[in-house]
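Given the structure is predicted, the values throughout are model-derived calculations rather than measurements. Every chain is numbered from 1, with letters handed out A, B, ... down the list of sequences.
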Amino acid sequence: MSAFRVADLAREAAIVVCCGSGGVGKTTTAAALAVEGARAGRRACVVTIDPAKRLADALGLESLTNVPGRVVGPWDGELWALMLDTKSTFDDLVTRHADTPEQAAAILDNRLYRNMSGALSGTQEYMAMEKLYELSAEGGFDLVVVDTPPSRNALDFLEAPRRLTRFLENRVFRLLMTPTKAYFRAVGLATQTFLRTVSKTVGADVVADAVTFFQSFEGMEQGFRERAAAVDELLRAPSTSFVLVTSPRPDSVQEARFFATKLADASITVDGLIVNRVHPTFGDAPAPQGLGDLTRNLTELRALSSADDRHLRGLATLVAPAPVTRVPFLDEEVHDLAGLERIRAYL
Amino acid sequence: MDVSQFCSSTRLIIVAGKGGVGKTTVTAAIASMAAAEGLTSLIVEVDGKSGVGAMFGQAEPLTYDEVVLADGCGPGGVGQVRARALTPDDALVEYLYDHGMGRVSRRLASSGALDVVATAVPGIKDILVLGKVKQLEREGPVDLVVLDAPAAGHAVTFLTSARALADAARAGPIRVQAEAVVELLSDARRCQVILVTLPEETPVNEVVETAYRLEDTVGIKLGPLVVNGVYPQLAGLGEDPESVAERAGVDVTSGQVSALRAAADFRHRRQELQQRQLERLGERLPLDRVELPFLFTAEIGPPETQVLAGALATGLRAL
């Protein structure tokens, strides 16, 4: 979706995915975009992963409820907020796809499954996207803004559905569930050695848990795969926008460039770039010399500002023609609706 | 505190903090400071993407193979900074090799079976990495290992996984390895954690929470807290630009006066915010504290690493 300003996305897109590295103000930006949507009369929901405590309080997110809560404010539309609970989103998904309540219970009770939401990389990303799908397709929201989890891998949230499906279809363990002689030959010598080693090093119950898990899961892979495909399709729909959030610091910009490149490789267009904490220039009058600390301070701060420019120039070209929004350093951290309003004004 | 004593009090220093607080910069500064004391220090990075090489003028990303980043740093030409990467995958492949599974390890890794194991045994990847770090601490030819811990909320999980696994695994080599790691982490003569933060609200909250959780759950020794990016105080900042200009006999335009004034105001406000957060930090976390100056340069290269190592040494001496 093309836009002249990032704020346009909040008024027109059905979904806005905020991506970028950790510590650049992604959560705050996502919340401000949802406020913009509510201001435009839309029914907007922001899905956050790990908000700072005071912002969470301001949005009424004191606990992980996993259902949107309404935030009251001076807008024509509606603002809802939700803090993602990976575990219960996954539980819901299992319950929905299970053929019988017994099948669901057997999975929910399995030790391997119980570890998945905390330990299997990509699970949090996938559940964020799953929640996004659920809210957008079934929740009756005009706009869903999602804040992606800070991850080491830029595209975890896009790749996670596929990775999870692959995990659930794991050949080695599936073959183990039918341990006839022929199947064992198919599993191969290397796998047997591997499984023996696993049993020896971490305990036989680990292998037993895994086998039970995959047995319980039998028959549900198809449903999961279809759902993953639907989520992927939604993320690639024209009404879904991607906003890259960064700070002008060289390491953040480096990561943002990496992100933008990876998105482009996945045929996803960046629809907006938001740069938080940009240093001011203090006008264009040249710094007078010989005024001691006053001169030094202005020179030092302007050096920061021109470094910001230098770092951002290449990034802006990389995501062109996406609009670039610069949000200056604010005097206070954003932890209330008034703060979100201040940010919104720059979008 | 004596700097050489600090550098040799434990053979392992773990640098931990939220992403974006300058954890890698502080890792580089510690390693560099130790090298200036004539020690050989080894930087170990586990995230697979830190820019620590650039801080010593080396553009290449780190690999599994150790490289020398700086040499002859201390008195008499001794003292070195070395560095290497150590990802969970590296550690796993090495572990499998050591356990006679070298030939099949990569193929199994690509089949996804290892994902299943890693999920069934949460923390196993962390244990593999920390087990290898323990080996470096015990046997390595270096005087000091400086570990740049994983960012984000991972630090606590990373350091608590050993105890969880030692409790969960009933027997076998993984349990032995987990126990050895727990022993290392809880031994104040072998290992300490340096927490890094910024003088800002959220980083302060997070470092306080991390410090208490690490003390409660791991029983790990916490070294001095490092606060990165503190604006140096400028005495003349409060003066009126016009009077200063008049005194100095410099002609200034009104545009220049307002630029000077706005810049001074900006710095004042930021300094006040930082001071407020430093006070909060002091009230909530009774740890020794070293402040590192905010650097007005765009990138951290060798000269900046030197400046920070010097500031760190000065701060430690003042404790």
> Determine the minimum heavy-atom distance between A/Leu294 and B/Leu260, stating which atoms define it.
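Looks like O-CD2, 3.5 Å.
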> Only heavy atoms, only distances under 4.5 angstrom. Which residues in residues 305-313 of chain A are near chain B?
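Checking residues 305-313 of chain A against chain B gives A/Ala307, A/Arg310, A/His311.
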> Shortest non-hydrogen contact from A/Phe282 to B/Ala259?
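Heavy atoms only, the tightest pair is O-CB, 3.3 Å.
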> Between B/Phe296 and A/Leu301, is the side chain to side chain contact (heavy atoms under 4.5 Å, CB included) condition met? List the steps.
CA-CA 7 Å; B/Phe296 290 87; A/Leu301 291 176; 4.0 Å; yes
> Considering all heavy atoms of both residues, which atom of B/Ala263 and which atom of A/Leu298 are nearest to each other, and what is their separation?
CB-CD1, 3.6 Å
> Which residues in residues 242-252 of chain B have any heavy atom lying under 4.5 Å from a heavy atom of chain A?
B/Val244, B/Ala245, B/Ala248, B/Val250, B/Val252
> Among the options A/Asn110, A/Leu112, A/Leu291, pick out the one with the most heavy-atom pairs lying under 4.5 Å from chain B.
A/Leu291
> Can you say whether A/Gln254 sits under 4.5 Å from chain B via the side chain, the backbone, both, or neither, judging by heavy atoms?
neither
> Checking heavy atoms, do the side chain of B/Ile124, its backbone, both or neither come under 4.5 Å from chain A?
side chain
> Determine whether more than 12 heavy atoms belonging to other residues, nucleotides or ligands lie under 6.0 Å from atom CZ of B/Arg269.
yes
> With a 4.5 angstrom heavy-atom cut-off, which part of A/Arg302 approaches chain B: side chain, backbone, both or neither?
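Contact with chain B involves the side chain of A/Arg302 alone.
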> Give, for atom CD of B/Glu200 and atom CZ of A/Arg277, the distance between the pair rounded to the nearest 0.5 Å.
4.0 Å
> Looking at chain B, which one of A/Pro286, A/Ser247, A/Gly283, A/Ser252 has the largest number of heavy-atom pairs inside 4.5 Å, strictly under?
A/Pro286
> Just give me the residue among A/Pro250, A/Gly290, A/Ala287, A/Ala303 that pairs up with chain B most often, heavy atom to heavy atom, under 4.5 Å.
A/Pro250
> Between CG of A/Asn297 and CG of B/Leu237, what distance do you get to the nearest 0.5 Å?
4.5 Å
> Working to the nearest 0.5 Å, report the span between CD of A/Glu300 and CG of B/Leu234.
6.5 Å
> If you count heavy-atom pairs under 4.5 Å between each of B/Pro241, B/Ala262, B/Gly255 and chain A, which one has the most?
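Max contact count across the listed options: B/Ala262.
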> Closest approach of A/Pro288 and B/Gln256, non-hydrogen atoms and distance?
N-NE2, 3.7 Å
